Amino acid sequence: MTVHGERARNLLHEGKGQADAYLSLSPYNRYYLTGFSGSQGAVLVAPEEYRWLLCDFRYTEQAASQAPDYEIVPVANDLFKRVGALAHDVGAQRIAFEADHLTVEEWNRLTEAVPDIAWIPVSGMTEKMRMIKTADEIVLLRRAAQVASTALSKVLATTIRPGISERQVALSLELVMRESGADRLSFDTIVASGPRGSLPHGQPSTRILEPGDYVTIDFGAVVGGYHSDETVTVVLPGSSSTAAEMRQIYEIVYAAQQAGLEAVKSGTPVSAVDRAARRVIEAAGFGAQFGHGTGHGVGLEVHEPPYLSWRAAPDDVLQSGMAITVEPGIYLPNIGGVRLEDTVMVTDRGYQRLTTVDKAWRVL
Ligand code: ZN
Ligand code: ZN
């Protein structure tokens, strides 16, 4: 059995007592549990090694080769009926389904097609398993981060200078990431320069970079399904009217990121990492300008649990094998912004950086 089939077996074991089968309709969980990367399909797992992957004509051949632990069931527009029939065949009566991955419309169709089964809503079961990465997953995360960090270093050295637009920055970075082995981008690259830097998720615009600009670039690569996530704020040569203020907030965000990273360690509550970073920014008087959480998990999705928030429960703790980001920022409307982000692996002794661009203040 492959690692995917083993995950499905463990999942069923986890849910024992609640339900006697598990239905997944989420693309990321589907990939995690089966190895099948197609965009459509349902996974049904039942005891005694019953594992089905239901998908339509476009994907049956791909599914058969990618998911050897599963019996492939071709479906047309009868997906839920087939799920019900399979469940009946093995006597499953209580089926757990991923409540946060089902639309109201799908729920209506499911319960209409299969009215005699007790559907048990569950949340985050597969996601919880996904938080702890295996050695193979860490290899891919590391590769994704390496591709992205190396590409950015190249683009910083060759392309980014006053006179080019934010969109050109994003385009060059995308080209180099893809040339360097990225399957695709983790997300649309964020480029926010000068006063636009106050937009935490600024889309690259036609704005032309000016001397002295602070340019925030948030970017990542996907390799083998796994994401990287990194943010730099770089300074262009030349002077600007906001130079003193920007330099000040840069140093605060840098110190906050260092404090956050130093708090990372297996066993630490995720909220303590947020607090460590936030405390630095609040002490400098910019607490209100740091309106987002300090980080998030990274894996098959660029944003996944755990979420490093001040609102997280105290028993929400870091564990060895988690991949997380630490990304504080300060955003000053009409002036600019700074965010610094690294993706790191949580270890027993602290953390190991995956993204590698140096975050210390520097002029390009
Ligand atoms: Zn990011
Ligand atoms: Zn992030």
Side-chain angles (χ1 to χ4, degrees), residues 28 127 130-131 133 140-142 144-153 155-156 166 169-170 173-174 176-177 182 184-193 196-204 214-223 225-234 250 253-254 256-261 263-264 270-271 273-274 276-278 281 290-312 318 322-331 336-346 351-359:
Y28 302 105
E127 284 84 348
R130 281 170 43 194
M131 287 199 294
K133 271 66 181 181
L140 294 171
L141 284 164
R142 192 178 296 277
Q146 238 159 30
V147 163
S149 294
T150 310
L152 183 83
S153 299
V155 171
L156 288 180
E166 291 178 349
V169 172
L173 183 55
E174 172 164 1
V176 181
M177 281 201 275
R184 56 191 166 86
L185 303 188
S186 284
F187 49 87
D188 287 340
T189 302
I190 290 164
V191 181
S193 64
R196 294 191 76 250
S198 64
L199 302 168
H201 277 185
Q203 284 177 344
Y214 279 61
V215 186
T216 296
I217 307 171
D218 190 344
F219 64 103
V222 178
V223 173
Y226 288 81
H227 293 69
S228 76
D229 193 7
E230 182 167 18
T231 307
V232 297
T233 301
V234 293
Y250 192 102
V253 173
Y254 182 73
Q257 202 216 8
Q258 292 301 113
L261 286 170
V264 172
V270 298
S271 58
V273 178
D274 180 86
R278 193 169 303 279
I281 291 176
F290 175 27
H292 56 76
T294 292
H296 52 83
V298 182
L300 287 172
E301 289 176 272
V302 67
H303 296 131
E304 60 179 43
Y307 292 100
L308 281 65
S309 159
W310 65 91
R311 295 183 218 100
L318 294 176
M322 286 180 169
I324 58 162
T325 69
V326 177
E327 51 176 309
I330 295 178
Y331 311 92
V338 174
R339 180 170 64 258
L340 302 173
E341 173 180 30
D342 281 301
T343 301
V344 303
M345 291 305 308
V346 179
Y351 67 93
Q352 235 172 33
R353 229 188 187 103
L354 298 181
T355 47
T356 57
V357 180
D358 185 11
K359 301 299 182 294

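Just follow the structure's listing: the first ligand is 1, and inside any ligand the first atom is 1. This structure is a prediction, so every number in the text was calculated from the model and none was measured.
Of the N and O atoms on the side chains of Q203 and D188, not one donor lies less than 3.5 Å from an acceptor on the other residue. In summary, the side chains of S309 and D274 do not present any donor paired with an acceptor at a separation below 3.5 Å, with no hydrogens or angles considered.
Looking only at protein N/O/S atoms, the ones less than 2.8 Å from the Zn ion (ligand 2) make 4 in total.
With sequence neighbours excluded, the residues satisfying salt bridge (charged side-chain N to carboxylate O under 4.0 Å, His left out) with R130 are E301, E304.
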Check the pair E230 / K359 against salt bridge (Lys or Arg N to Asp or Glu O under 4.0 Å), numbers first and verdict last. CA-CA 10 Å; E230 182 167 18; K359 301 299 182 294; 2.7 Å; yes
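The line from NZ of K133 to CG of L300 is 7.5 Å long, rounded to the nearest 0.5 Å.
Aromatic ring pairs are classed by plane angle as parallel below 30°, tilted from 30° to 60° and perpendicular above 60°; the pair Y250 and Y254 is parallel.
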